[in-house]
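Written below as structure tokens is the structure these notes are about.
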2 protein chains.
Amino acid sequence: MVISIKDVAKRAGVSAGTVSNVFSGNRAVKSDLVERVRRAATDLGYQPDRAASQLRAGKARIVAALVPDLNNPFFTSLIASIEARVRGEGYDIIVASSHGDAEEETRRLAALLGWRPAGVVIIPCNDDFSSRELLMGSGIPFVVADRVPSYFEGDAVTVDNVDAGRQAAEHLVALGHARFVVAASSMKLQNIRERCEGIAAVLAKQGLPSPTLIEVGLDFDTASERLGTFMEGEQQATAFIALTNFATLGILASAHKTGLSVPDDISVMGFDDYSWMHAVKPPLTAIRQPVEEIGRTIWNRLRGHLDDEGEPPARERLLCELVVRASTGAPKTAGVSSA
Amino acid sequence: MVISIKDVAKRAGVSAGTVSNVFSGNRAVKSDLVERVRRAATDLGYQPDRAASQLRAGKARIVAALVPDLNNPFFTSLIASIEARVRGEGYDIIVASSHGDAEEETRRLAALLGWRPAGVVIIPCNDDFSSRELLMGSGIPFVVADRVPSYFEGDAVTVDNVDAGRQAAEHLVALGHARFVVAASSMKLQNIRERCEGIAAVLAKQGLPSPTLIEVGLDFDTASERLGTFMEGEQQATAFIALTNFATLGILASAHKTGLSVPDDISVMGFDDYSWMHAVKPPLTAIRQPVEEIGRTIWNRLRGHLDDEGEPPARERLLCELVVRASTGAPKTAGVSSA
DNA sequence: CGTTTTTCGTAAATCGTTTTACAGAACTGG
DNA sequence: CCAGTTCTGTAAAACGATTTACGAAAAACG
């Protein structure tokens, strides 16, 4: 049923090796033979078997991506961005989700490594990054993205999280806010801690009280629940900063539930930038991660290791962009004099 | 560097075939040998090479997914749902995007078929489904999802789009709306036409004028632009129905831009159900597609063909669910007497 | 023109598994 | 205890591509 290289060779009246050379371009083949082979291949609908190809050649045109959650649009947009890069070069992407579980992460990674991919892109589910050893032991080039533990020394690309936090805080401070709430997913994550750090630095410098920190977890439901109970008690804060996209939703949902109006009662700063953010009312001010660029950078890093050019590992930090829309404004009740 | 089955065999003092049998469970192996092999394998960190395995065995534990856009959360949530199903059975998922282009769809499909996957899940980028021939010729089981051309007779799973349209229209008619606008991505898509059909049927039955149809394209920017220019002219319509998630955003964005308030001036019915829809104000009434169930059904369909049980092809149609929130209400200016 | 070099095709080896063919050991039942 | 059957191990073939070794033809050179 399925056509092999030998069928093509027979029909074109050449050897299998020649057919291989025509397709791989590995060695020159006279033009009339190329013609014959090409024709035979399209006639038969030949498509090289990639498993066989990779087994013999030892190199796979496949990159594995392992993320904590395929329902999180940030992760999938990253995958989309990587896919857009690699497709032109004949690579395919194999994806897996660790579902936020460290052991599953290791299991899935082991399975992915069975494909002997050319490279691996991984977003660990926590800072332990317990699958690290397995990954390093495999000798396969890999890039850690988004959640990079501080001790990690290999290739990694993230945004400049401290700066992201700083930009968010500075914008709100400039508007006159003094009482901050930070909605973080989990303080166990290095990127989240860095974003907090950036915010704290700005507030400290201005002599403002340090922000109230709320850990909202990694999905929408727990986020909006925890923020909801918080908001019902608290009256002072006027500036809310989300540190992940789910935190953004949580803040919004509980603000509405509590009857607080945005931006009149409170200002909210979202994280990541999605279409819905400028479709809703008020359109959301947010810190935008340069997803396209992150994907491009990951691929560049990976490719540097593919053609066994021994490129040294590097830590790339890309800048976020503050996009100001209407969910942030000057605090109305600035006169509670909280200092 | 990388450990092969022979290394394990040597260390365990057995033959390669025995190691294979231990891992595949294909033939019984005495327990003491199993023990020795297992130990040797973990000592060496052995992971079977899946390319070699699949080459010899002829069957791949891999399923290929080809979608029009990896940035569309509906498509990625479908992939997430499928991933959740197959991971337990040792399958991996390889993804690709056709970027909405029919020729690219065929090209990407050809590349994916090179992996000789156990099955293919495809969401065609249009009703021509020009990659169909290639797919059928390959002899690999496949399931078409979401966008299924009317003439297609193979395995397919979608929602009941006519019913979805009906549910949306009935809800709004019950609230008292008479003038409808439907924001459709493209009338070239069968699923969109069916949703329209469902809406039209309800309106016709009630003796209401047929809805104004606006094709908004497949991304957010063109959607909000076309709807914006429309809304500035039109005053009569009070009920807006979106037929895709981007259309939902387009309606919302242009309503805000035009200064129309939801649900006081107009009611809006969204499509698909995402977290942001209940985080925003007003929370959106929407037609929810059962993504989890769609994924499960796709996998069931596919699996029916894997173990060469010659299951006959089937067309599955799952029901959508109307989730009523606050973006729909009775029309204020019901007295324009439009009949 | 003779010699050396280059070009380009073929046959066969090879990658790491699974599977087949075979054989000795261990059961079975009478 | 013996013939027949079942277990369970090994050696070698096989999957479909790439790559190597080799040789014939062509090209280059003095």
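Letters A, B, ... are given to chains in the order of the sequence lines, protein chains preceding strands, and every chain is numbered from 1. Predicted, not measured: the structure shown is a model, and the values here were computed from it.
- Contacts of B/Val29 with the nucleic acid, taken as non-hydrogen atoms under 4.0 Å apart, involve only primed sugar atoms and P, OP1 or OP2.
- Across all strands shown, B/Gly58 has no heavy atoms under 4.0 Å from either base or sugar-phosphate atoms.
- Counting to the nearest Å, the C1' atom of D/dA17 and the CD1 atom of A/Ile3 are 15 Å from each other.
- As rounded to whole Å, 13 Å separates atom P of C/dA11 from atom NZ of A/Lys10.
- B/Gln54 contributes a side-chain N or O that, together with a main-chain N or O of B/Trp115, makes up a donor-acceptor pair within less than 3.5 Å.
- Checking side-chain atoms of A/Arg36 against main-chain N and O of A/Ala12 turns up a donor-acceptor pair under 3.5 Å.
- With hydrogens and angles left out, the side chain of B/Arg56 and the base of C/dG16 share no donor-acceptor pair within 3.5 Å.
- If you take CG of B/Asp32 and P of C/dA25, they are 16 Å apart, rounded to a whole angstrom.
- Between C/dT18 and B/Ser53, a contact under 4.0 Å exists linking OP1 or OP2 to a side-chain N or O.
- Taking the six-membered ring for Trp, B/Phe129 and B/Tyr151 have ring centres at least 6.0 Å apart.
- Set against D/dT18, D/dA11, C/dT19, the side chain of B/Ser15 has D/dA11 as its closest nucleotide.
- A/Phe23 comes within 4.0 angstrom of nothing in the nucleic acid, heavy atoms only.
- Residue B/Asn26 places at least one side-chain N or O closer than 4.0 Å to OP1 or OP2 of C/dT19.
- Rounded to an integer number of Å, the gap from A/Ile5 CD1 to D/dC15 P is 15 Å.
- Counting non-hydrogen atoms under 4.0 angstrom, B/Val14 reaches the backbone sugars and phosphates but no base.
- Distance B/Arg27 CZ to C/dT19 P: 11 Å, rounded to the nearest Å.
- In this structure, A/Glu105 and A/Ile122 have side chains that are in contact, with non-hydrogen atoms separated by less than 4.5 Å.
- With A/Asn72 contributing its side chain and A/Asp69 its backbone, the two residues share no donor-acceptor pair below 3.5 Å.
- Atom CH2 of B/Trp115 is separated from atom P of D/dA17 by 13 Å (rounded to the nearest Å).
- Mapping B/Lys30 and B/Leu55 onto DNA chain D via the closest heavy atom, the residue that lands nearer the 5' end is B/Lys30.
- Atom CG of B/Asp49 and atom C1' of D/dA17 are 13 Å apart (whole Å).
- In terms of phosphate contacts, A/Thr18 brings a side-chain nitrogen or oxygen within less than 4.0 Å of OP1 or OP2 of C/dT10.
- Phosphate contact (OP1/OP2 of D/dG16, side-chain N/O of A/Ser4, threshold under 4.0 Å): absent.
- Between the CD atom of B/Gln54 and the P atom of C/dG16 there is a distance of 16 Å, rounded to whole Å.
- For A/Gly13 and B/Ala57, each mapped to the nucleotide of DNA chain C holding its nearest heavy atom, the one lying further toward the 5' end belongs to A/Gly13.
- Put simply, B/Asn21 has no side-chain N or O that comes within less than 4.0 Å of OP1 or OP2 on C/dT18.
- Side-chain contact check for B/Ile93 versus B/Glu83: some heavy-atom pair is nearer than 4.5 Å.
- Comparing B/Ser24 and A/Ala28 against DNA chain C, the residue whose closest nucleotide sits nearer the 5' end is A/Ala28.
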